[in-house]
J.: 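Before we start, here is the structure in question, set down as structure tokens.
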Amino acid sequence: MNYWLIKSEPDAFSIDDLQHAPGKKTHWDGVRNYQARNYMRDSMSVGDPVFFYHSNCATPGIVGIAEVASCAYIDHTAFDPNDHHFDAGSDPAKPRWQMVDIRFKRKTRRFISLSELREHAHQLDGFALIRRGNRLSVMPVSKQHWDFILALEQNKT
DNA sequence: GCCAACGTTGGC
DNA sequence: GCCAACGTTGGC
């Protein structure tokens, strides 16, 4: 089992949107980065736990926990010229992009901001999220870091 | 809105 | 294969 963090802009798709989606599930479409795709395609398994992170907003941070609900399959939105994530270079005969399904598990009992995570840079050493210039939208979280953040969640109210 | 960091593209 | 230019991400 692997642990993950996925970023979403709350204006586009928030943890509330996921919670209220049919079956509390959604297609994680629109990933157009090879490293992120490879993580989904090669290393994600059904049932893997996922931190749900709000990015590009007033206060970015972890807001909930989800799980991987499918293995990777073709992201058909890459073929739709009207889709925001359309990729003219992706040939339907040789699809370039994939996605997984994500299912809501719970909101974290409190918001864990990026700045708070940075305060624990020592314990979270190597965590991609707090590395400088990080832009990955799908990233692995080590078991140690996962457990540390879950413990952090219980720290305050 | 600014801008640093990054990934991708394309000329050579 | 190199690398400058460009577009995007995302924190602040």
J.: Return yes if some donor-acceptor pair links the side-chain N/O of A:Asp101 with the main-chain N/O of A:Lys25 below 3.5 Å, else return no.
T.: no

J.: Flag the pair A:Arg103 and A:Glu67 as a salt bridge only when some basic side-chain nitrogen lies within less than 4.0 angstrom of an acidic carboxylate oxygen.
T.: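 Looking at A:Glu67 together with A:Arg103, the answer is yes, because their closest N to O distance falls below 4.0 Å.
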
J.: Using atom CE of A:Met139 as one end and atom P of B:dG7 as the other, report the distance to the nearest whole Å.
T.: 12 Å

J.: Can A:Thr77 and A:Arg32 be counted as having a side-chain donor-acceptor contact under 3.5 angstrom?
T.: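 Short answer, yes.
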
J.: Reading nucleotides 1-6 of chain C 5' to 3', which nucleotides get B (base under 4.0 Å from a protein heavy atom), which S (sugar-phosphate only), which -?
T.: ------

J.: Are A:Phe79 and A:Trp97 an aromatic pair by the rule of ring centers under 6.0 Å?
T.: no

J.: Going by atom types only, do A:Arg41 and A:Asn38 share a side-chain donor-acceptor pair under 3.5 Å?
T.: yes

J.: Between A:His145 and A:Tyr3, is any side-chain donor less than 3.5 angstrom from a side-chain acceptor?
T.: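 A:Tyr3 and A:His145 do not have a side-chain donor-acceptor pair below 3.5 Å.
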
J.: For a side-chain contact (heavy atoms from CB on, under 4.5 Å) check, start with the C-alpha distance between A:Glu116 and A:Leu152, then their side-chain angles and the critical distance, and finish with the verdict.
T.: CA-CA 9 Å; A:Glu116 180 179 353; A:Leu152 203 59; 3.5 Å; yes

J.: Distance-only check: which donor-acceptor pairs under 3.5 Å involve side-chain atoms of residues 46-54 of chain A, not counting sequence neighbours?
T.:
| unit_1 | atom_1 | unit_2 | atom_2 | d |
| --- | --- | --- | --- | --- |
| A:Asp48 | OD1 | A:Asn2 | N | 3.3 |
| A:Asp48 | OD2 | A:Trp4 | NE1 | 3.0 |
| A:Asp48 | OD2 | A:Ser45 | N | 3.0 |
| A:His54 | NE2 | A:Ile15 | N | 3.1 |

J.: Provide a list of protein-nucleic acid N or O atom pairs under 3.5 angstrom, restricted to nucleotides 8-12 of chain C.
T.:
| unit_1 | atom_1 | unit_2 | atom_2 | d |
| --- | --- | --- | --- | --- |
| C:dT8 | O2 | A:Arg135 | NH1 | 3.3 |
| C:dT8 | O2 | A:Arg135 | NH2 | 2.9 |
| C:dT9 | O4' | A:Arg135 | NE | 3.4 |
| C:dT9 | O4' | A:Arg135 | NH2 | 3.4 |
| C:dG10 | OP1 | A:Lys7 | NZ | 2.9 |
| C:dG10 | OP1 | A:Arg135 | O | 3.0 |
| C:dG11 | OP1 | A:Tyr53 | OH | 2.8 |
| C:dG11 | OP2 | A:Asn56 | N | 2.9 |

